[in-house]
Structure formats: structure tokens, C-alpha cells
Amino acid sequence: MNSPHPPPVPVVLDVDTGVDDALALLLAATHPALDIKAVTCAAGNVSLAQVVDNTLGVLAIARRADVPVGAGAEGPLVGRPRDASHIHGANGLGDITLPAHGRAPVAVHAVELLRQTLEESSEPLTIIALAPLTNIALLLRMYPSSREKIARIVFMGGAIGTGNITAVAEFNVWADPEAAAVVLDSGVPTLMYGLEPFYAATCDQDAIDALAASSQPAAHLAAALLGYLTAGRGEEGRVPGGHAPLGDAGTVCAVIDPTILTVVDAPVDVALAPGRTRGQTIVDLRRSPVGTAGTPASVGVVAAVDVARCRDLFVGTLS
Ligand code: BDR
Ligand code: CA
């Protein structure tokens with residue numbers, strides 16, 4: 001007899017936890033459609049040590065202390081790390097303090113954990129990348145054959161239009177543009193979940209109240225994190241008043257239910273030159289690009305998301 005549900009999608013998450021990475025981890029750890037094989041950490045929103053601590057703490061709340069966590073890159077491929085604690089708070093979690101988790105990351109570097117996890121998997125894995133892409137770029141450069149075991153990379157990063165850390169650059173790509181260029185150029189099927197869906201998918205106060213009313217600790221934490229985000233930190237008018245963006249958690253929704261997305265295929269390039277455009281993703285939406293010599297490979301770019309279904313997926317799963 002056929003099973004009524006398809007088998008869960010095996011995934012690895014790469015995170016820089018981060019308020020919205022925490023929301024993403026809670027969703028991924030809870031939803032039965034995903035099977036988390038490992039979580040790898042990179043410096044981004046806060047330092048690597050803080051990211052690792054936050055990640056272990058969030059997984060403990062989600063009752064997923066069985067998931068191996070790897071500590072990875074302490075900074076980008078080029079230059080020094082630059083964090084986003086002005087948005088995420090000094091501890092990266094909106095100054096919400098989590099209970100002690102009593103766990104340590106695995107003894108090997110995150111890139112090694114990624115390699116091992118891919119190698120040991122009987123089927124290709126989906127990488128959900130929610131941080132600067134340093135760990136993923138290192139994996140692709142150090143172990144090129146690992147590409148065969150990657151089903152696809154779904155990454156939160158970039159923008160079709162306006163940026164958030166500069167006028168044209170989104171934080172994850174801006175924080176390590178060379179790494180993003182390596183990933184986009186890798187030939188691995190890639191989906192870019194950029195700032196357009198990142199800010200479009202939000203929770204209103206009713207949704208936050210529903211989470212707060214749940215008996216589940218994961219739902220309570222989600223309500224507190226979303227409550228922090230309703231103050232409009234860093235959104236520059238891109239989110240309606242009283243709403244909290246799901247941010248990275250929307251990327252997880254996109255893997256759980258791709259039917260909530262409108263996706264276009266387009267060549268995507270990263271601006272690497274120093275100056276005001278560094279870290280911009282150049283998404284070529286022309287139907288018939290002219291002067292195609294050297295045109296970058298096409299990737300899937302999320303142009304829109306069904307906001308109500310995305311929110312219902314998040315709230316319904318956690319509460
Ligand atoms: C991205 O940058 C980080 O601050 C968030 O966690 C998200 O991954 C948004 O630009
Ligand atoms: Ca993130």
C-alpha cells in the first residue's frame with residue numbers, strides 16, 4: 001500500500017542564528033516534511049561562537065538535540081567579518097535568553113560535517129543556506145565531487161531590486177560576495193530566495209498571539225522572536241506596521257511547499273568590485289539577453305510568495 005505522505009526531504013541547514021534563522025530552525029525542526037541531517041554555522045549576524053550557542057539553544061527548545069551542529073567559518077573568504085547585531089541584538093536573538101543547552105558542536109569543522117553528511121547520505125541532500133555562503137563555497141572548492149550529492153541549494157540572499165545593508169546589496173551576499181559568486185557559478189541547481197519574498201512573508205499580531213497561546217515551547221519562542229521583529233528593526237518601511245517578517249523562515253517554507261512560490265529563471269551575477277555596488281546580485285530579467293558572452297548561468301529566483309499560505313504554514317506547524 002502506498003504511504004499517504006511522501007518521504008521527508010533530507011536537508012542540511014547552514015545558519016548564522018540570528019532572530020530569523022532561529023525561526024527557520026524552529027520550523028525546519030518541527031515540520032514532518034523535512035529530515036534535518038545536520039546544521040552548520042557561519043559567522044554572520046553575530047560572531048561564530050554566538051551563532052553556535054544560539055543554534056544549539058534553539059534546537060534544544062525544538063527538542064532536536066539529536067541533530068549534529070558544526071562550527072564553520074569565522075569570517076568571509078575575503079576581508080573581515082561584519083555583523084548585523086544592530087538588527088538582531090547583541091546576542092543575535094533580540095536579547096532573548098535561552099535556557100542552557102549543555103551541548104557542544106561536533107569536533108570537526110562545519111565543512112567536514114557537510115562533506116561527511118553528504119557522503120553518508122543514500123540520496124542527494126538539499127542545502128538550505130541562510131547565512132553568508134562561506135561554508136558552502138569552501139565545501140564546493142575543497143570537495144568539488146560533493147556537488148553530485150547536493151540535490152539543490154536554496155539560499156536566502158540577494159535581491160532583484162533594493163538591498164537592505166546598502167542601497168543595492170542584501171546582507172548575506174554583501175557579507176561574503178566571493179562565496180556567493182562561487183555558489184552561483186557552481187552548476188548546482190540553485191534557488192535564490194531574496195529580499196522580495198523575505199520581507200513579503202509576514203506574521204500579523206493575530207498570528208503571533210496564536211503562537212503565544214500554544215503549549216509548545218517552540219511556539220512560545222517563535223512568538224517572542226516575532227514580537228521582537230514587529231518593532232520594524234531595519235526593515236525601512238518594507239513590512240506593514242505591526243507585522244513581523246518571517247525572513248529566513250520563509251526560505252524553509254519554500255522548501256516545504258514550493259507551490260507557494262512564483263519562480264523565474266534568470267542569470268544572476270554578483271558585483272565583486274570594490275565600491276557602492278559590491279555585493280549586489282545582478283538579476284537579468286530580460287527575456288532575450290543580448291551580448292550573452294560570459295553571461296552567468298541561470299538560477300531560479302523567487303519573484304513572489306503567497307503570503308497567507310506561507311504564514312499559515314509557519315503558524316500551523318509551530319502551534
Ligand atoms: C539576511 O541577513 C541576516 O541578517 C538575516 O538572518 C537574513 O539571513 C537578510 O538580509
Ligand atoms: Ca540568516
Side-chain angles (χ1 to χ4, degrees), residues 11-28 39-48 50-55 58-59 69 72-73 75-76 81-94 96 110 127-136 153-177 179-180 183 191-202 222 225-226 228-229 231-236 238-239 244-255 270 278-281 301-302 305:
V11 298
V12 173
L13 282 90
D14 186 73
V15 295
D16 61 334
T17 319
V19 175
D20 59 324
D21 303 77
L23 294 168
L25 282 166
L26 291 172
L27 176 62
V39 177
T40 52
C41 298
N45 288 319
V46 283
S47 70
L48 178 67
Q50 186 71 63
V51 167
V52 170
D53 191 48
N54 293 348
T55 302
V58 171
L59 286 172
V69 171
R82 292 174 292 183
D83 71 27
S85 54
H86 57 289
I87 294 172
H88 295 261
N91 76 346
L93 293 178
I96 296 164
I127 296 179
I128 304 177
L130 307 176
L133 287 154
T134 323
N135 286 336
I136 314 304
I153 298 170
V154 179
F155 80 100
M156 190 287 124
I160 298 172
T162 306
N164 60 355
I165 197 83
T166 73
V168 294
E170 177 281 331
F171 177 78
N172 286 339
V173 174
W174 171 85
D176 196 343
V183 170
L191 181 69
M192 173 176 138
Y193 188 94
L195 287 180
E196 287 78 17
F198 180 93
Y199 287 125
T202 61
L225 293 163
L226 289 165
Y228 174 82
L229 291 175
R233 289 173 174 84
E235 278 108 42
E236 292 147 16
R238 297 176 81 154
V239 174
L246 282 170
D248 286 346
T251 316
V252 175
C253 291
V255 176
V270 182
R278 182 165 162 80
Q280 178 182 15
T281 44
V301 177
V302 178
V305 60

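The basis for the numbers below is simple: all heavy atoms, side chains too, and nothing from hydrogens, waters or symmetry mates. Start at 1 and go down the list; that is how both ligands and their atoms are numbered. Given the structure is predicted, the values throughout are model-derived calculations rather than measurements.
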**Q.** Identity of the N, O or S atom of Asp248 lying closest to the Ca ion (ligand 2)
**A.** OD2
Q.
Measuring from atom 2 (O) of ligand 1, which candidate in Phe198, Tyr193, Phe171 has the nearest non-hydrogen atom?
A. Phe171
Q: Consider every N or O of Met156 and every N or O of ligand 1, then say whether any pair is closer than 3.5 Å.
A: no
(Q) With a heavy-atom distance limit of 4.0 Å, tell me whether Asp21 approaches ligand 1 through its side chain, its backbone, both, or neither. (A) side chain
(Q) Within 3.0 Å of the Ca ion (ligand 2), is there any N, O or S atom belonging to Asp20? (A) no
Q. How many angstroms lie between atom CG of Asp20 and atom CE of Met156, to the nearest 0.5 angstrom?
A. 8.0 Å
(Q) Minimum heavy-atom separation for Leu130 and Val15, please, with both atom names. (A) CD1-CG1, 4.2 Å
Q) So Val19 and Tyr228, side chain to side chain contact (heavy atoms under 4.5 Å, CB included) or not? Walk me through it. A) CA-CA 9 Å; Val19 175; Tyr228 174 82; 3.9 Å; yes
Q. Please state which protein non-hydrogen atom is closest to atom 4 (O) of ligand 1 and give its distance, to 0.1 Å?
A. Asn45 OD1, 2.5 Å
Q. Between Ala169 and Arg278, which heavy-atom pair has the shortest distance, and what is it?
A. CB-O, 3.7 Å
**Q.** Worked verdict on Ile87 versus Phe171 for side chain to side chain contact (heavy atoms under 4.5 Å, CB included)
**A.** CA-CA 11 Å; Ile87 294 172; Phe171 177 78; over 6 Å; no
Q. Closest approach of Pro132 and Ala42, non-hydrogen atoms and distance?
A. O-CB, 4.2 Å
Q.
Assess the residue pair Leu195 and Thr162 against the criterion (side chain to side chain contact (heavy atoms under 4.5 Å, CB included)); give the C-alpha distance rounded to whole Å, side-chain angles, the decisive distance to 0.1 Å, and a yes or no.
A. CA-CA 8 Å; Leu195 287 180; Thr162 306; over 6 Å; no
Q. So which of the N, O or S atoms of Asp16 lies nearest the Ca ion (ligand 2)?
A. OD1
Q. Does ligand 1 have an atom that lies less than 4.0 angstrom from a heavy atom of Ile87?
A. no
Q | Residue Asn164 vicinity, atoms of ligand 1 by number, heavy atom under 4.0 Å | A | 9 (C), 10 (O)
Q. Looking only at protein heavy atoms, which one is nearest to atom 6 (O) of ligand 1, and how far off is it?
A. Asp20 OD1, 2.6 Å
Q.
Using a distance threshold of 3.0 Å, state whether an N, O or S atom of Leu130 lies below it from the Ca ion (ligand 2).
A. yes
Q) Tell me: protein heavy atom nearest atom 7 (C) of ligand 1, and distance? A) Asp248 OD1, 3.2 Å
Q.
Please compare Glu170, His88, His86 and report which has the shortest non-hydrogen distance to atom 10 (O) of ligand 1.
A. Glu170
Q) In ligand 1, which numbered atoms sit nearer than 4.0 Å to a non-hydrogen atom of Leu130? A) 8 (O)
Q: Only one of Asp53, Thr55, Asn54 passes side chain to side chain donor-acceptor pair (under 3.5 Å) with Thr17; say which it is.
A: Thr55
Q: Step by step, work out the side chain to side chain contact (heavy atoms under 4.5 Å, CB included) result for Asn91 and Val46.
A: CA-CA 7 Å; Asn91 76 346; Val46 283; over 6 Å; no
